[in-house]
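Here is the structure we will look at, set down as structure tokens.
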Amino acid sequence: QVQLVESGGGLVQAGGSPRLSCAASGRTFSPLVMGWFRQAPGKEREFVAAISWRGGTTYYADSVKGRFTISRDNAKNTVYLQMNSLKPEDTAVYYCAARDGVVPTTADKEYHYWGQGAQVTVSS
């Protein structure tokens, strides 16, 4: 089992640049792909970003490409989501997710472990 705990976020002004962190614990010695998803009120959960086990491959949703950056520090079992130029439409609960393996994917059903979520609210 893998446990994920997100931190960061909160209330941010439009244009702000907060960073979310996700600390993994448990069975972290196995290769894990990490991803971020988000769910806005009244909407379905959507993919945001994903990163391969070694960090060499990253995927982004079109809506965040060029503004968000996913990274990881395997020595610290932590993945980050740097969010820049935030917009009100980025308001959502952001979830960290992990899947066994080395190849990232954008499909939430392929992730095996989930964090509890971190609220990010962007004020205009």
Side-chain angles (χ1 to χ4, degrees):
Q1 284 290 338
V2 176
Q3 293 78 44
L4 304 173
V5 178
E6 301 99 335
S7 60
L11 179 62
V12 184
Q13 286 191 332
S17 300
R19 186 179 77 165
L20 297 179
S21 300
C22 173
S25 61
R27 189 178 52 78
T28 56
F29 54 85
S30 298
L32 289 173
V33 166
M34 302 298 295
W36 289 95
F37 292 78
R38 68 185 182 185
Q39 187 167 21
K43 295 187 177 180
E44 293 187 353
R45 186 165 59 191
E46 64 175 1
F47 169 76
V48 175
I51 188 167
S52 61
W53 168 240
R54 296 297 184 190
T57 300
T58 55
Y59 295 155
Y60 295 94
D62 288 343
S63 58
V64 306
K65 198 171 296 182
R67 299 189 298 123
F68 291 11
T69 302
I70 188 171
S71 62
R72 66 189 298 163
D73 184 342
N74 287 350
K76 296 182 179 180
N77 294 323
T78 301
V79 64
Y80 306 96
L81 185 68
Q82 177 66 50
M83 303 183 289
N84 298 326
S85 303
L86 279 180
K87 307 174 182 179
E89 50 263 43
D90 293 317
T91 295
V93 177
Y94 284 72
Y95 296 93
C96 175
R99 66 182 297 267
D100 296 318
V102 298
V103 179
T105 175
T106 64
D108 60 353
K109 64 181 180 181
E110 297 188 14
Y111 285 79
H112 307 112
Y113 313 103
W114 292 84
Q116 81 287 352
Q119 177 70 48
V120 175
T121 302
V122 184
S123 63
S124 58

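Side chains are part of it too, since the values below use all heavy atoms of this structure and drop only hydrogens, waters and symmetry mates.
Separating the OH atom in Tyr59 from the OG atom in Ser52 is a distance of 8.5 Å, to the nearest 0.5 Å. If you take CG on Asn77 and CD on Gln3, they are separated by 11.5 Å, rounding to the nearest 0.5 Å. Rounding to the nearest 0.5 Å places CZ of Arg38 at 14.0 Å from CD of Glu44. A distance of 4.5 Å separates CG of Leu20 from CH2 of Trp36, quoted to the nearest 0.5 Å. Atoms CE and CH2, on Met34 and Trp53 in that order, are 9.5 Å from each other to the nearest 0.5 Å. Distance check, rounded to the nearest 0.5 Å: CD of Gln13 to CG of Leu86 gives 11.0 Å.
In this structure, the side chain of Glu6 engages the main chain of Gly117 through a donor-acceptor pair within 3.5 Å. Distance alone, capped at 3.5 Å, places no donor-acceptor pair between the Asn74 side chain and the Arg54 backbone. In this structure a side-chain-to-backbone donor-acceptor pair under 3.5 Å is missing from Arg72 to Gly55. Within the 3.5 Å criterion, the main-chain N or O of Ile70 finds a donor-acceptor partner in the side chain of Tyr60. Side chain of Thr91 to main chain of Val122: a donor-acceptor pair is present (N/O by atom type, distance under 3.5 Å, no hydrogens or angles). Using a distance-only test at 3.5 Å, with no hydrogens or angles considered, a donor-acceptor pair links the side chain of Tyr111 to the main chain of Thr105.
Side-chain atoms of Thr57 and Ile51, non-hydrogen and from C-beta on, never get closer than 4.5 Å to each other. Contact check for Gln82 versus Asn84: side-chain heavy atoms found under the 4.5 Å cut-off. Residues Thr69 and Tyr80 have side chains not in contact (no heavy-atom distance under 4.5 Å, counting atoms from C-beta outward). Side-chain contact check for Phe68 versus Asp90: some heavy-atom pair is nearer than 4.5 Å.
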> Under the side-chain contact (heavy atoms from CB on, under 4.5 Å) criterion, do Val2 and His112 qualify, and how do the steps go?
Replying inline: CA-CA 9 Å; Val2 176; His112 307 112; over 6 Å; no
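A salt bridge links Asp62 with Lys65; the closest basic N to acidic carboxylate O contact falls under 4.0 Å.
The aromatic rings of Trp114 and Phe37 are tilted relative to each other, their planes meeting at an angle between 30° and 60°.
Residues Ser17 and Ser85 come closest through the heavy atom pair OG-N, 4.1 Å. Closest heavy-atom contact between Pro18 and Gly16: CD-C, 3.6 Å. For Gly8 against Ala118, the heavy-atom pair with the smallest separation is O-CB, 4.1 Å. When all heavy atoms of Val33 and Pro104 are compared, the closest pair comes out as CG1-CA, 3.4 Å. Contact detail for Leu4 and Ala98: the closest heavy-atom pair is CD1-N, 3.8 Å.
Hydrophobic cluster membership is shared by Leu81 and Val120, with clusters built from Ile, Leu, Val, Met, Phe, Trp and Tyr side chains linked at under 4.5 angstrom. Placement of Val93 and Val48 in two distinct hydrophobic clusters is found when ILVMFWY residues are connected by side-chain heavy-atom separations under 4.5 Å, directly or transitively. Phe47 and Tyr113 are not part of a single hydrophobic cluster, where members link through side-chain heavy atoms under 4.5 Å apart. Val5 and Leu32 sit in two unconnected hydrophobic clusters of ILVMFWY residues. Membership requires side-chain heavy atoms under 4.5 Å apart, directly or through other members.
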